[in-house]
Amino acid sequence: MNPLLEDTLRRLAVHYAGPDVEEVAMNRPGEVWVKMAGGGWQSRRDPALTEEYVLMLCQQLANVSGQIFHRRRMPLLYTTLPEGHRFTAVVGPNVRYEMGDTQGVALNIRVFNPDRRITLDRYGLKEKSALAEAPLIHGQERYDDSPLEDLLAAVRNREAILISGATSTGKTTFLNAIMDYLPSESRVLTVEDAREVIVPHDNRVHLVVSRTETTNGIDFMRVVDAVVRMTPDVIVCGEIGIANAPGVFRLMTTGHTNFMATIHANSPEAALRAFYQNLAQTNPGIDAQAAIDIVGTAFGRIVQIDRHGARRVVTAIDIPRMLRNALEDAEV
């Protein structure tokens, strides 16, 4: 770790370094909210976390990660802390807390714990479970009547997998769990805005592309051009958003359907529409029906994850090609 950054982080690390901490949020100077595993948010006062401190930390993180950060011109920062935690910050006039405020700071840290590996059975995916007794896969194009066995067969056959769910439903954790089922000889490349995917394979490359402006001008689309020339067996695209949707879509239209990704949506049908909506933000003239049809054909399975209290549960595993309503209805 950069010694200067390490020294700066100590002030904030006291809140996220605990063994059971899942998330840390700062909504205004002098106060943080800490979310513990299996619990709710707890408020903590900390006068040392001033606005000046947050600005200094963001500048150092931007310098280390090769990004551009400025209080007025680029007040957003998405990056990964040296320990692997996902860091997001917004500063300046875009942040308000009280009615009379004219500016502020807000940050969030999603804690990465490599020892907190969760297996698929934690999501209710057991061969003899109630989920298996009432298959959630629609249509006939499946490898096995068991949703779990069908999904694992699709993974082993390197079909494209899209994991859908709301915030904090465990989409990335689920993605990490299914990585273990890829053939051991697979060459895996990941492209993320923050390093979160854990790949157990020896033949792997991890690429990181910022969602905001970088000093070297490299964006997701340019990285995709490099990725397809590096002979991957599987490409892991991380979370699909406005910045990387065109790049992922390009993979689909050039025949590269051996990839995995996550997306924010509350159903498999909504996941297809969400992909299109992200794509349309940067390609407003794109044909909606054609785009959704390509997306639906490219993915072999869409896994829907919902949160029931403290439990995260797989509630659907759909074959997108069989979601006729979603493919035919292009209203967004």
Side-chain angles (χ1 to χ4, degrees), residues 1-117 167-168 170 172-173 192-198 206 208-215 238-239:
M1 187 188 301
N2 179 291
L4 178 61
L5 177 59
E6 182 179 15
D7 184 65
T8 302
L9 275 172
R10 285 197 182 99
R11 202 183 302 183
L12 185 59
V14 297
H15 299 289
Y16 64 73
D20 296 321
V21 177
E22 283 190 345
E23 204 158 345
V24 172
M26 180 177 173
N27 305 330
R28 60 176 175 177
E31 181 183 55
V32 294
W33 290 83
V34 180
K35 186 176 183 181
M36 310 300 290
W41 292 93
Q42 303 171 2
S43 175
R44 298 179 183 175
R45 294 289 299 167
D46 189 342
L49 299 180
T50 63
E51 180 176 350
E52 291 72 20
Y53 167 76
V54 173
L55 293 172
M56 178 178 64
L57 174 61
C58 288
Q59 190 62 66
Q60 291 181 15
L61 287 170
N63 292 341
V64 169
S65 60
Q67 298 185 59
I68 295 175
F69 174 81
H70 190 276
R71 185 172 187 166
R72 290 182 296 275
R73 294 194 296 270
M74 181 53 70
L76 300 173
L77 181 64
Y78 305 95
T79 189
T80 305
L81 299 184
E83 305 94 336
H85 312 315
R86 183 166 61 184
F87 180 93
T88 304
V90 187
V91 305
N94 298 95
V95 183
R96 313 289 174 90
Y97 194 80
E98 302 293 353
M99 290 296 294
D101 290 342
T102 58
Q103 63 181 15
V105 294
L107 66 83
N108 183 275
I109 298 172
R110 185 76 63 85
V111 175
F112 168 72
N113 186 343
D115 297 324
R116 196 184 296 159
R117 300 298 298 273
T167 301
S168 297
T172 301
T173 303
E192 308 171 82
D193 63 350
R195 278 282 292 112
E196 294 183 296
V197 177
I198 301 173
H206 299 286
V208 177
V209 184
S210 174
R211 293 188 184 188
T212 58
E213 188 177 355
T214 60
T215 56
E239 182 180 311

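No experiment lies behind these values; they were computed from the predicted model shown.
- No donor-acceptor pair under 3.5 Å is formed between the side chain of Q60 and the backbone N or O of L9.
- Using a 4.5 Å cut-off on side-chain heavy atoms (C-beta onward), T79 and V208 make no contact.
- Taking every heavy atom of both residues into account, A48 and R11 meet most closely at O-NH1, 2.9 Å.
- For S43 against E31, the heavy-atom pair with the smallest separation is OG-OE2, 3.1 Å.
- Residues L107 and V90 have side chains not in contact (no heavy-atom distance under 4.5 Å, counting atoms from C-beta outward).
- Here the side chains of E98 and R28 are in contact, with some heavy-atom distance below 4.5 Å.
- None of V21, V111, L49 except one satisfies the side chain to side chain contact (heavy atoms under 4.5 Å, CB included) rule with H15; the exception is L49.
- The salt bridge (Lys or Arg N to Asp or Glu O under 4.0 Å) with R86 is formed by just one residue from the set E23, E196, E22; it is E196.
- Two residues are said to be in side-chain contact when any heavy atoms from C-beta on lie closer than 4.5 Å; Y53 and L12 meet this criterion.
- Distance check, rounded to the nearest 0.5 Å: CG of L57 to CG of L81 gives 7.5 Å.
- Residue A106 comes nearest to V95 through the heavy atom pair CB-CG1, 4.0 Å, listed as atom of the first residue, atom of the second, then distance.
- One finds the CZ atom of R10 at 10.5 Å from the CG atom of L5 (value rounded to the nearest 0.5 Å).
- Between the CH2 atom in W33 and the CD atom in Q42 there is a gap of 9.5 Å [rounded to 0.5 Å].
- In this structure, P75 and R71 approach most closely via the heavy-atom pair CB-O, 3.4 Å.
- Considering all non-hydrogen atoms of both residues, E192 and V197 come closest at OE1-N, 3.1 Å.
- Here the shortest heavy-atom pairing between A62 and F69 reads CB-CB, 3.6 Å.
- In this structure, CD in E51 is found 13.0 Å from CE in M56, a value given to the nearest 0.5 Å.
- Using a 4.5 Å cut-off on side-chain heavy atoms (C-beta onward), P29 and E52 make no contact.
- Side-chain atoms of T167 and R110, non-hydrogen and from C-beta on, do get closer than 4.5 Å to each other.
- Expressed to the nearest 0.5 Å, how far CD1 of I198 lies from CZ of F112 amounts to 3.5 Å.
- Distance alone, capped at 3.5 Å, places no donor-acceptor pair between the D7 side chain and the L4 backbone.
- Here the CE atom belonging to M26 is positioned 12.5 Å from the CG atom belonging to N108, to the nearest 0.5 angstrom.
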